[in-house]
Amino acid sequence: MDIREAAVLIGVSVDTLRRWDKKGKLLAIRAGGKGTHRFYRKSDLELFLMDPFSLARSWALSPNPYTPENEFYCPDSSIFLGRLSKLETILQKTKDLETDFSLITSVVGEIGNNSFDHNLGNWLDINGIFFAYDINKRMVVLADRGLGILQTLKRVRAGLNDDKTALKVAFTEVITGRAPEDRGNGLKYVRKVIEKSSMSLFFGTGDAQLEQKSHSYELHIKKSGNNFHGCLALIRF
Amino acid sequence: MKIDIKKFGTTLTSRQLGKEAFAAFRPSLEGVGENEIVEVDFEGVNTFSPSWGAEFLTPLVNMFQGRVLLKNTENPSVKISLELLESIIGKKFSSAR
């Protein structure tokens, strides 16, 4: 739709939309890639109005399992990898992300692939993951309704009995929930990348949540006040 | 022998695909000579992750011990993945400068 229609839908002036486009807050598309007239995809505007994290959180925490909207739903890893590749291309073309795009893509890849690797054949209700991103808001969200970190790690650390400790182990110790395989390093990698980049992370599982700020190695782990059986991640960049 | 990692793809994040890549390439490694260097070139790789790397590089390093030489590892995701893999397997990769 054109800029006037978009302004009405969002509820701001045409000048504000032009300003947001220049700032990168809400990017317009140009006809043929080079035109002077700004156009907007309806789906981009809908996403701008919605908060992808709230959508993912509602889905992951819902007591009644339901399949997410197609555009956010990756029922298997091949669909996830296809969409991840598309995200990589978009990030690569985004201002200021020409270098960091690889780190963002790899972190998203590790978290998303972890969901599939650790839940294959064991999904509790809905197979697959919720995966959405908003480049204007500089966020990526991932969620699954799988076993969660505690149940996954219990396979190799029978003594683990709370979500907070399980989260800490997952982000700090080289251990795997896919015993007897001698590996498991995805979330340690995520931590290492965030320490060295401008990304920040929120990660929830069970009744615990973790936050890691950009350029910091410190993990803030606490009880979340919720309880759900999967994982929920928000990456800001 | 030279292995161009980009020939396996330029977005390499999945453990499963790393495993498949090594299995598919395994027969090509049979011809590597006793003292031959195995050069692994990351030129052209956009995104790399330790999960893919663990499935491909770890068995390669175990097969050829000190004869694996890594090249063009400047990509930030390649660099950090390799650092993590080194700390996990307890061995330093050799890099060509």
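All values derive from a computational prediction rather than experimental measurement. Below, read A as the first sequence line, B as the second, and so on, with proteins coming before strands; counting in each chain starts at 1.
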Out of curiosity, [X] [atom1] to [Y] [atom2], how far, rounded to the nearest 0.5 Å?
X	Y	atom1	atom2	value
B/I88	A/Y189	CD1	OH	12.0 Å
A/K192	B/I80	NZ	CD1	7.0 Å
A/N113	B/L17	CG	CG	8.0 Å
A/S102	B/K79	OG	NZ	11.0 Å

Taking everything shown except [X] itself, do over 12 heavy atoms lie less than 6.0 Å from its [atom1]?
X	atom1	answer
B/Q65	CD	yes
A/K137	NZ	yes
B/K91	NZ	yes
A/R191	CZ	yes
B/E30	CD	yes
A/N70	CG	no

Less than 4.5 Å to any heavy atom of chain A: does that hold for the side chain of [X], its backbone, both, or neither?
X	result
B/T58	neither
B/L85	side chain
B/I89	neither

Who wins among B/N46, B/L12, B/V78, B/T10 for the most heavy-atom pairs under 4.5 Å with chain A?
B/N46

Select one option (side chain, backbone, both, neither) describing which atoms of A/L84 are under 4.5 Å from chain B's heavy atoms.
side chain

Please step through side-chain contact (heavy atoms from CB on, under 4.5 Å) for the pair A/F101 and B/S77, ending with a clear verdict.
CA-CA 9 Å; A/F101 80 90; B/S77 62; over 6 Å; no

Ranked by heavy-atom pairs below 4.5 Å to chain B, first place among A/T105, A/V107, A/T99, A/L81 goes to A/T105

Kindly indicate whether the side chain of B/R15, heavy atoms from C-beta on, has any atom under 4.5 Å from the side chain of A/N185.
yes

Closest non-hydrogen contact found for B/T47 with A/S106 is CG2-N, 3.5 Å

